[in-house]
Protein chains: 2
Amino acid sequence: MPTPYTSTKVESVQRTVDVAIVEDNKRYVNELSLLLSNSPNIKINGCYTSGSEAVEQIRKKKPDVVLIDIGLPDISGVEVIKQISNNGCSTEFLVLTVYDDDKHLFEALQAGAVGYIVKGTTSPEEIEAAIFDVIDGGAPMSRDIAKRVIETFRVNSSSQPKTKFDDLTKRELQILEYISHGYNTRKVAEELYISYETVRTHLKNIYQKLHVHTLVEAILLFKSR
Amino acid sequence: MPTPYTSTKVESVQRTVDVAIVEDNKRYVNELSLLLSNSPNIKINGCYTSGSEAVEQIRKKKPDVVLIDIGLPDISGVEVIKQISNNGCSTEFLVLTVYDDDKHLFEALQAGAVGYIVKGTTSPEEIEAAIFDVIDGGAPMSRDIAKRVIETFRVNSSSQPKTKFDDLTKRELQILEYISHGYNTRKVAEELYISYETVRTHLKNIYQKLHVHTLVEAILLFKSR
DNA sequence: ATTTGAATTCCACATTTGGGGTATTTTACG
DNA sequence: CGTAAAATACCCCAAATGTGGAATTCAAAT
C-alpha cells in the first residue's frame, strides 16, 4: 500500500496537466519524463537543465506544475521560483531535491514552492500523485518533510531553558506589551490608569531583570522571546 | 485509490498502537473507536469527553497517539495538548476537528500537535492511516491544511504593495539595521564612522518617511517589514 | 552646465529616557 | 496575623532623544 503524500481524491483531476522539469541530471530527467509521459493526464511541457533557461521558457510556456531541483549549475532553483512566482502567474512549483536539510527546505517554501519532495525516498508513482495533488490544491511533501514543517510551529514548549522573562511580573510584561505596540511611557501610563512615574519604575526594574539599558533593547528581546 | 495524507510505508509499523480519543460528541466517539478497534494493530486506550478528564487520564495512561477534538466543553483541546506535551512525554497529538480555519490550526500546531485533520473531509480509513503515520514519524494533515501550512512560509512575494521602506535610502536602512540590533545613536555613529549629529539627521528623515516619532516605533515597523 | 538627491555636519531647545533614590499601599501566602 | 513580593508614586539629575533649522560636499541625472 504505497500511500503518496498529502493527497486525496487524486482521481478528481480530469484535464491534462502541463508539467515542466528543471533538473541538471539528464539521466534523471529522461527517466522521469518518460515515466510521466505514460500517465494519460500529464503532458511534458518542457525540460530545462539550467536555471536561466528555465526562467525564460517557463515564463513563456506557463506550465501548470514545475518539478524543480534546487542544485542547478547557474542560478539556484530557489531563485528560479522567486523570479517566476513574483510575476503573479499560476504556475506551481514542486521541489524535487536531494537536499534533506531545513535550510534548503525553508528557503524553497519562502520562495513560493507548494511542495517539497526528497529524491530517493520517493517513487516515480508518488511523484505523479504529487503532481495531481498540487493541481488539486494540495501541498505534497515527503513524510519527514511534513514533520519538520509542522515542528517549526511548535513553540519550544517542553520545559524551556528558563527565559529571563519568567522573572518578570504580570505588570512588567503588560508594560512591555504596550511598549512593543509603539506606545511611549506616557501613553502606557494613560492606558493602564497609573502614574507616569510608576511606569518608569516598572521599566527600570525590567531593565535590571533583562540586563539591558534602553527601551529598544528591551523590545528587541521581548519580540524575539 | 484513496490516498491518505502525508504517509508512506505504513506497513512498517508492527507493534500495537495505544490510541486515546478526546471528543465530546459521543456518537462520533463510538463510531470511531469501533472502527479503529477493528484494526489489528490499534488498541483503544481510553475515550474522554472533557478536557480535564483527558489531561488527568492521558498523563496516567500515556497512550502513543491521542485523537483530539478542539471544541471541548470545559478546557479547549489546545490547552490539553499544551498541558500534556509540556511534560516531555512521548504522546503525540493528532487534532481531529471541524475547525477549518487558520486560527485554530496554528494554535494547535503551536501547542504541539503533530497532525491536523478536518472531520468530514476524511474517511475513517484515512484516520487509521494517519495514526500509523504519526507513529512512523510523520505529520498527517488534511490536504488543504497542508497547503495552508506551506503558505505561511511564503513571503508576501508577488509584487508587494510598495512598502514605505522603498523610500528609504541605503544609509537610512543601514542605520535602522544597526538600531534594530540594539545600538544607540552614538554607537551607530561610531560604527559607521560618521558624526553623532549625522545619525540624528538620518533618524529625523527616517521618522518623516515612516510617519513615526520614536525609535521604538521605527524599529517595530522595520522588524515587521 | 545646472539641478537634484543623498550624505554629511552643526546648532539650539524641549521632551523623554535612564538611573539613583525613598516611601506607601495592595496582594498573596504561610 | 505577619511578612514578602508586587504595584504604586514621587524627586532629582544626567544623558539621550525628538524636532526645528541651516549649510556643505559630491555624484548622478537632466
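Letters A, B, ... are given to chains in the order of the sequence lines, protein chains preceding strands, and every chain is numbered from 1.
- You can see that DNA chain D meets the heavy atoms of chain B within a 4.0 Å-exclusive cut from D/dA16 to D/dG21, reading 5' to 3'.
- When all heavy atoms of B/E217 and B/H213 are compared, the closest pair comes out as OE1-N, 3.2 Å.
- The pair B/E31-B/K26 does not count as a salt bridge, with every side-chain nitrogen at least 4.0 angstrom from each carboxylate oxygen.
- Not a single donor-acceptor pair under 3.5 Å links the side chain of A/D136 to the backbone N or O of A/G138.
- Within 6.0 Å of OH in B/Y48 there are more than 12 heavy atoms belonging to other residues, nucleotides or ligands.
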Can you give me the N/O atom pairs linking the protein to nucleotides 24-26 of chain C at distances under 3.5 Å, or say none if there are none?
none

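- With B/K82 contributing its side chain and B/G112 its backbone, the two residues share no donor-acceptor pair below 3.5 Å.
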At a cut-off of 3.5 Å, list every protein nitrogen or oxygen paired with a nitrogen or oxygen from nucleotides 16-19 of chain C, distance to 0.1 Å.
unit_1: C/dT16; atom_1: OP2; unit_2: A/R186; atom_2: NE; d: 3.3
unit_1: C/dT16; atom_1: OP2; unit_2: A/R186; atom_2: NH2; d: 3.1
unit_1: C/dT17; atom_1: OP1; unit_2: A/T185; atom_2: N; d: 3.4
unit_1: C/dT17; atom_1: OP1; unit_2: A/T185; atom_2: OG1; d: 3.4
unit_1: C/dT17; atom_1: OP2; unit_2: A/T185; atom_2: OG1; d: 2.9
unit_1: C/dG18; atom_1: OP1; unit_2: A/L215; atom_2: N; d: 2.8
unit_1: C/dG18; atom_1: OP2; unit_2: A/Y207; atom_2: OH; d: 2.3
unit_1: C/dG18; atom_1: O3'; unit_2: A/H213; atom_2: O; d: 3.3
unit_1: C/dG18; atom_1: N7; unit_2: A/R200; atom_2: NH1; d: 3.1
unit_1: C/dG18; atom_1: O6; unit_2: A/R200; atom_2: NH2; d: 2.6
unit_1: C/dG19; atom_1: OP1; unit_2: A/H213; atom_2: ND1; d: 2.7
unit_1: C/dG19; atom_1: O6; unit_2: A/R200; atom_2: NH2; d: 2.7

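- Looking at A/H181, its side chain does come within 3.5 Å of a backbone N or O of A/E177 through a donor-acceptor pair.
- In this structure, A/T91 contributes its side chain and A/P63 its backbone to a donor-acceptor pair below 3.5 Å.
- Side-chain atoms of B/S142 come within 3.5 Å of backbone N or O of B/V118 as a donor-acceptor pair.
- Each of A/N45, A/V65, A/I44 was scored for a side-chain contact (heavy atoms from CB on, under 4.5 Å) with A/D18, with one residue passing: A/N45.
- In this structure, the side chain of B/E172 engages the main chain of B/T169 through a donor-acceptor pair within 3.5 Å.
- Between the A/R59 side chain and the A/Q83 main chain, a donor and an acceptor come within less than 3.5 Å of each other.
- Ion pairing of A/E23 with A/K119 is present here, as a side-chain N (NZ or NE/NH1/NH2) and a carboxylate O approach within less than 4.0 Å.
- Aromatic ring pairs are classed by plane angle as parallel below 30°, tilted from 30° to 60° and perpendicular above 60°; the pair A/F222 and A/F165 is tilted.
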Identify all pairs in which a protein N or O lies below 3.5 Å from an N or O of nucleotides 6-8 of chain C, and state each distance.
unit_1: C/dA7; atom_1: OP1; unit_2: B/R171; atom_2: N; d: 3.3
unit_1: C/dA7; atom_1: OP2; unit_2: B/T169; atom_2: OG1; d: 2.3
unit_1: C/dT8; atom_1: OP1; unit_2: B/R171; atom_2: NE; d: 3.1
unit_1: C/dT8; atom_1: OP1; unit_2: B/R171; atom_2: NH2; d: 2.6
unit_1: C/dT8; atom_1: OP2; unit_2: B/R171; atom_2: NE; d: 2.8
unit_1: C/dT8; atom_1: OP2; unit_2: B/H202; atom_2: NE2; d: 2.9

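- The bend of the helix from C/dA1-D/dT30 to C/dG30-D/dC1, defined by the angle between the axes of its first five and last five pairs, stands at 50° to the nearest 10°.
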Do any side-chain atoms of residues 186-199 of chain A form donor-acceptor pairs under 3.5 angstrom with protein atoms, and if so which ones, sequence neighbours left out?
unit_1: A/S195; atom_1: OG; unit_2: A/E197; atom_2: N; d: 2.9
unit_1: A/S195; atom_1: OG; unit_2: A/T198; atom_2: N; d: 3.3

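- For the side-chain contact (heavy atoms from CB on, under 4.5 Å) test with B/V95, the passing option among B/I81, B/L105, B/V22, B/V78 is B/I81; the others fail.
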